[in-house]
Every structure is written in structure tokens, then in C-alpha cells.
Amino acid sequence: MRVAVIGGGPGGLYAAALLKRLDPEREITLWERNAPDDTFGFGVVLSDETLGGIEHADPVVYEALQRDFVRWDDIDIVHRGTTHRSGGHGFAALGRRRLLEILHDRCRSLGVDIRFCTEAPHPDELSARYDLVVAADGVHSTTRQTYSHVFRPHVTAHHCRYIWLGADFAFDAFRFEIAETEHGVVQLHGYPYAADASTVIVEMREEVWRAAGHGEMDTPESIERCAKIFSDALRGRPLRSNNSAWTTFRTVVSDRWSHGNVVLLGDAAHTAHFSIGSGTKLAVEDALSLAACLEEQPDVAGALAAYEEERRPVVASTQRAARASLEWFEDLRLHLGQPPRQFAFNLLTRSRRVTHDNLRLRDAHFTGAVEREFGCPPGTPPMFTPFRLRGLTLRNRVVVSPMDMYCATDGVPGDFHLVHLGARALGGAGLVMTEMVCVSAQGRITPGCAGLYTGRQAEAWRRVTDFVHTQAPGTAIGVQLGHSGRKGSTKLMWEGMDEPLPEGNWPLVAASPLPYKPGSQTPRQLSRAQLTDIREQFAASAWRAARAGFDLLELHCAHGYLLSGFLSPLTNRRTDAYGGSLEKRLRFPLEVFDAVRAVWPAERPMTVRISATDWAEGGTSAEDAVGIARAFAAHGADAIDVSTGQVVAEERPEFGRSYQTPFADRIRHEAGIPVIAVGAISSWDDVNSLVLAGRTDLCALARPHLYDPHWTLHAAVEQGYDGPGVHWPAPYRAGSRRPQTGRTDAPKPRLTLDR
């Protein structure tokens, strides 16, 4: 096999070395445009996981790395003159130049033909002459650009400028330092990579960079300015450059990684922000996977398909974590007012890869101190601390999220609702929410939706609230009121979600006459008189909800339903007083809120669910979401339930674990109102992490409560907690420990005798 490798960075070199080691008969040629001793950047951090893979695949390289690694365990976070140290993290780093020297030596010893100071031939030429072309030519990959119609890369530029620099001394920890300058926030990321050297990355938002004048300075002057800002951290020493320049990070995502016998590797295929130390790690792991797949598969095509199948989920997960970390630093100003220790915890858990439970294992002393400052009583996980909304105190931070059940008859909830909501109330959550309860027959989503527009419906709901209050004392039950708008008159979810009924349709109304998707019914635009009627329907339903005994009322202004349709510029095309600017788009939802608040008991809280983004171009922006939250807060909302999307059918959500929580985080800090976070929060560790970091006040979980109605009780058991934040019903207490399974403690053989 003849293999061409484009690019002499760590990924390309390691791929070449592995492929040659596994089959010495392979003819491998590597092109690198720079000289052997040219390198950019300073130190490289590798995880224990990556090092384990290197050790298994090539002990020679591993041993060479081991001799040069600098290892440390601590992270220092410096904020407003206070330093907090967290230990137990485990880092290993060495100089990038030394890493390349090790890989150069290994490639030469194996017989790889390395051609320095030489541009690689065109990919078409290499593809024709070689059996395999490995394109490891970096973030500005010529190969990726050449075949962009196949690889279909998506490149996203972000909001910060950064520069890689070095310092001639070794930090004794990974250091994050925050400087609040006259121009804005500047941050330092620093770590040692040799006994006498450290990498220093200085980062700031684009507008701060421009206001500070870095765009007009030459690079040495700009670097000197940075050294003055962080003179204490640098012990008065200068920062040094290595072809350093200010740049903007770009996230690269490619739809495909291979084309014929050409395959992308490392930054050529994908990038992940440096704040989680992932670039070299991903490239080296790509090389390991590619080499293994070539050994395991019968041909190149099969190997490249297997390589992409294996690596794509891992890379996607890393990119999600890196994106979360990147955006946290972009929005750093939101968190500056937090207590220093909580700020440090927030920073450490920013990517969602380090969690409360994980950090407690690494550094119990630090995590315990954060918990005490937060107000956790001894032995109490953050999720089991109480939270007060107006006159209602929730005993824990868990909310059973509203979930449409589509099981009502003529809007009347029946035995199913009693059992469904009653079971979840017995399951320990602080607050159990109904599905969206409709304010009129015309406002239903499906024929199976529940309502509160008749006295009979209110009586049926009273049966549910009485059960919760009697059998699950301490659990609150809330009602979510809404109107389907243009998304109504559809089949039950399991018969065809958002599909029109085959017969028996009712007319739809909306802010503007826009169908939800092709084939959907076109709604009528609401007149002023109709708006008044609907406002009164909401108020009448709220009055019935109060008499039915609900503890909390939520106004549904999300997911493309009627009130959400007024808020989004994609669904509100009105030219009257209810359309246009955000202030005008807010007018009708606020009128409804005021009407509901007027009849809802003063001591009982009201929340509002919003879609903080439409996940579509031209839709609700992050600034809009904050403005919407502020407006409802000014009218008396007690909390904002922050969801996203489902407003337009052409949305492109960025799914992932806890993917909607950054929107809640921003609203909480900018609008200054309590929030409920939702969206793929699936573990009690997630809840503890989000609450303790100050990113949310409450966490709403849906699918986990379908899987396990007693999710909160089981979360308490798994954490060894049995305090006032959770209550086991007396008949269930015998089940408050995990049932035994098959025996796992059988004695193991002591001797193995040859026959």
C-alpha cells in the first residue's frame, strides 16, 4: 500500500508512524510545507485516555513522551482578587516542538519519507498515485476546500479574539484568571509545559479587543499590553511570541470525512475550542482509529467508512462540550457577580463534562465549600434544597415537566391523568406540572387534549389536585394554560404528530395566516375582537384553575402555540399594534398575562414558558429572549420556564445533553428573574451541577419521569439522602433501597492448575 500524508502536525505524523509500524511494507510519504524546527504555539495537553491509546499502539512513542511530560493536578481560578484552587484533575503536557521532534524521530526510524519545506501535490494527483491519502492539513485544509462539494464543511466564526503566547516560567497549576479592564473582560488561560515554560492564551470579546486598541497596535505592543494586565500572574515577566497573532476561533464541522481514497483527519475534518484542550487529542485519537480500521477492514473503502462511523460520535460529543465551554467564556460577563467560589465551580463545570459528582470525587473539600456557601445543609445535595416562589415553597429543585398525554375526552381529564400525575407526585418531585391545558375547544392541539373551559373539566382537575395534596403532602401541582393557535386540529401524537385530522377539523386562528408546514391548515389572522375573546378565555380558565386547587399557574408562550406565535418574528407578520417590534409582538401575550394574573390568587406564583430561540434564521434572538423575560417579570411573573424551538417546522436544533440550559442561564443573569431549565437534563448529577453553578433555579425533566415515575426518590437513594427535601410515602418506604440482583461476590479461583 502506498500512502500519502498531507501535513506534518501531530495528527499527520502519528498517523504515518502508526501505519508504517503496523505494516513495514507500506510506502508512506509525508509532505510538510514548513521546516522541521518550525512550530506554532507552545505547549500541548494530552489526557490520560489519549495517552493510554498511545501506550497500547506504540510504546516507543509513549516512553519518549513520558520522559518529557510535565504533570500536575490543580486548577486555579482567579477572580476579583480571590484565588480558588481545585485539585484532582490530572493533566500532562509537553512542548509542541518536543512532541514534533519525538514524532519526527519515530517516523524516520520506521522509514517514513518526510519531505519538509515542500508543498504537497494537488489532492487529485495524490489520489491517482496513492492507495490512500490522509489529509491532516489543518483548520485551513486545502484538501477540504478542494472537495468542499463532497465534504460539505460548515465553518462558524465566534465572538472572541485570542492569541497564543508563552512565559519563561512554569505555573504550578492550570490557571484561569479574569481581568475586568476599562474596556471589558479579558481572560487568561495558562498552563505549564516544561520545568521553565508555560503556555499563555489571552482571550477577549471582539468589541473589547477593538475598544482596547489592539487592532491598531503592532503585535509586540499588544503583547506587552497583555503582560501588564496579568502582571501578577506572570510575576512581572514578559510574554513571548512564536509567530503569534490575534485570531478568531472557527468551529469546523464536516458532513463527510472521506472522498474516494482521500480522508480528513484532525482539524481538517473538525475543530473544538482550545478551552477544553482538544485539538491535538482529537487528531491523535483520529490517527489511532484510522490505523486500527485499516487493520480490521478488508479494503480502504470499508476502513474509511468504519473510521468515520467510530469517530464521528466521539468528535460530536467533544464539539458539543467545546461549544458549551467556548460560549461560557464568550458570555463570561454574565457570571462576574457570582460569589468567587461559585464562580469557580461554574467555570469548572462549564462544558458539562466535569459535573458536581465528578468534581466531588476529584476534590471533595472544594465541592463541599461551594455547597456550604450555596446553603446546602450538611449531607444535602443541591437538588434537595428548598426554593420559594411567592407564597409557595418547593421542597426540592425537581419539576415534572409538562407533557401532553392526549388522553382526555372532550377536554375532561380522567383516570389516566389521575394515575399519571398522581404517580409522579408520589415520586418525590417538588413540583408536578400538568400538560398544556387548553382554554377553549378551538384552542386544543388534538381531540385528546385536556381543557379548563367548562365546570366539568374543573371538577375533574380538582380530583387530581386533591389526590396530590392528600397523598403526596409537600408536593406542589401546577397547571399550564395554553392555546394551540396554528398548531391545532391535528392527530394524536402517536398517529402522526402535527398532521391534520382526516376529518372533523376545526378552524384555526393565529397571529398571522401562516400554516405550520406544507399540508397544514392555514389559520385565520385574529381580529381585535377575537383577541379580546381569547384573553377572556385565558382569564376564565385561570379562575377555574384556582378553584380546582392548583398551586402554580404557567402561561404557555412557547413552541409555536398561539401566544408564542405572537412573540416570534417568523410567525408574527402583523402590521397593526400587535406586530413589528418586539414591544408590539409582546403586547397581546402581556395582555393575556395581566388578565390571568388579575384573577389568579395573589399568593400563588405564575411562571411563563418561552422559546428562547426558534433555531431558525431571522427568529427569536438571545437578546429578544432576555427582553421577553424582562417584560413578563415587570408584569409580575415569578419565574421563566426556558425552552426552545418547535416554533417553525424548518428549525435546526443543536441537540445535546442539557442543550437548552445556556438560554436559561443567560436569562437568569441578564433579566434577574428565577428560571426553570429544561432540555435533555437526564441525571440527578446534571440537576446538582446546574443548580449549584447558578445556571438555573429549578430543573424540569420530562422523559426521565416517563421512564421512572419515582425518579426523584431514586435520586435521593442513590445519593444516600433522606432529609426533608424528599418524602417517601409510607406504603413505599420498604422500597427505599435498590432491590438485590444476582450474586456478584462469588469467591474467585485462587489457583489455576495445568492438566
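Remember, predicted model here, so these are calculated numbers, not experimental data.
- Pairs passing the side-chain hydrogen bond (donor to acceptor under 3.5 Å, both in side chains) check and including a residue from residues 602-611, sequence neighbours excluded, read S401-R609, E554-T607, R609-D641.
- For residues 365-384, the pairs satisfying side-chain hydrogen bond (donor to acceptor under 3.5 Å, both in side chains) are R341-E373, H356-E371, with sequence neighbours left out.
- In terms of the side-chain hydrogen bond (donor to acceptor under 3.5 Å, both in side chains) criterion, residue partners of R80 (sequence neighbours excluded) are, by chain and number, E180.
- No more than 12 heavy atoms of other residues, nucleotides or ligands shown are found within 6.0 angstrom of CG on D410.
- The pair E459-R463 does not count as a salt bridge, with every side-chain nitrogen at least 4.0 angstrom from each carboxylate oxygen.
- For the pair E670 and R333, the salt-bridge criterion is met [side-chain N within less than 4.0 Å of a carboxylate O].
- Judged by distance alone, the side chain of W600 and the main-chain N or O of P605 form a donor-acceptor pair under 3.5 Å.
- Taking NE2 of H705 as the start and CE of M433 as the end, the distance is 13.5 Å to the nearest 0.5 Å.
- With contacts defined as side-chain heavy-atom distances shorter than 4.5 Å, the pair R424/T712 does not qualify.
- At least one donor-acceptor pair closer than 3.5 Å links the side chain of S484 to the backbone N or O of R444.
- Residues R360 and D357 are paired through a salt bridge, judged by an N-O separation under 4.0 Å between the basic side chain and the carboxylate.
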Return a table of donor-acceptor pairs under 3.5 angstrom between the side chains of residues 535-543 and protein atoms on other chains or two or more places apart.
{"unit_1": "S541", "atom_1": "OG", "unit_2": "L452", "atom_2": "O", "d": "3.0"}
{"unit_1": "S541", "atom_1": "OG", "unit_2": "Q537", "atom_2": "O", "d": "3.1"}

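- Applying the salt bridge (charged side-chain N to carboxylate O under 4.0 Å, His left out) test to pairs two or more places apart or on separate chains, those with a residue in residues 676-698 are R657-D686, R668-D697.
- For the atom pair OG (S325) and CZ (R350), the distance works out to 3.5 Å, reported to the nearest 0.5 Å.
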Checking side-chain contact (heavy atoms from CB on, under 4.5 Å) for the pair F416/M405: CA distance, chi angles, key distance, verdict? CA-CA 9 Å; F416 181 91; M405 294 289 108; 3.5 Å; yes
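- With a 4.5 Å cut-off on side-chain heavy atoms, E495 and E499 do not count as touching.
- Side-chain contact between I628 and L567: present, with at least one pair of heavy atoms (C-beta onward) separated by less than 4.5 Å.
- Side-chain contact between T393 and F387: absent, with no pair of heavy atoms (C-beta onward) separated by less than 4.5 Å.
- When atom types are taken as modelled, the side chain of E651 and the backbone of Q646 share a donor-acceptor pair closer than 3.5 angstrom.
- For F366, there are no ring-ring contact (aromatic ring centres under 6.0 Å, His included) partners two or more places apart in sequence or in a different chain.
- Residues I676 and V642 have side chains not in contact (no heavy-atom distance under 4.5 Å, counting atoms from C-beta outward).
- Under the rule for a ring-ring contact (aromatic ring centres under 6.0 Å, His included), the partners of H710 that lie at least two apart in sequence or sit in another chain are Y732.
- The side-chain hydrogen bond (donor to acceptor under 3.5 Å, both in side chains) test applied to D551 returns H469, not counting sequence neighbours.
- A heavy-atom distance below 4.5 Å is not found between the side chains of P729 and Q471.
- Residue pairs meeting the salt bridge (charged side-chain N to carboxylate O under 4.0 Å, His left out) criterion with at least one member in residues 394-404: none, sequence neighbours excluded.
- A donor-acceptor pair under 3.5 Å links the side-chain atoms of R388 to the main chain of R390, judged by distance alone.
- One N or O on the side chain of Q719 and one on the backbone of A715 form a donor-acceptor pair closer than 3.5 Å.
- R733 has a carboxylate O that lies under 4.0 Å from a charged side-chain N of D722, or vice versa, which qualifies the two as a salt bridge.
- The distance from atom CZ of F345 to atom OG of S689, rounded to the nearest 0.5 Å, is 5.0 Å.
- Remark: side-chain polar atoms of T434 are paired, donor with acceptor, to backbone N or O of Q480 under 3.5 angstrom.
- H79 pairs by the ring-ring contact (aromatic ring centres under 6.0 Å, His included) definition with F343, not counting sequence neighbours.
- F384 pairs by the ring-ring contact (aromatic ring centres under 6.0 Å, His included) definition with Y721, not counting sequence neighbours.
- Annotation for A612 and I667: closest pair CB-CD1, 4.5 Å, computed over non-hydrogen atoms.
- Between L698 and P674, the closest side-chain pair of non-hydrogen atoms is not below 4.5 Å.
- With contacts defined as side-chain heavy-atom distances shorter than 4.5 Å, the pair N396/L394 does not qualify.
- Here CG of L701 is found 5.0 Å from CH2 of W711. Values are rounded to the nearest 0.5 Å.
- For the atom pair CG (N688) and SG (C699), the distance works out to 9.0 Å, reported to the nearest 0.5 Å.
- Screening residues 656-685 for ring-ring contact (aromatic ring centres under 6.0 Å, His included), with sequence neighbours left out, gives H335-H669, W615-F663, F655-Y659.
- Remark: L692 CG to L359 CG distance equals 9.0 Å, nearest 0.5 Å.
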Show the numbers, then the answer: is there a side chain to side chain donor-acceptor pair (under 3.5 Å) between W328 and N346? CA-CA 9 Å; W328 193 92; N346 198 348; 3.0 Å; yes
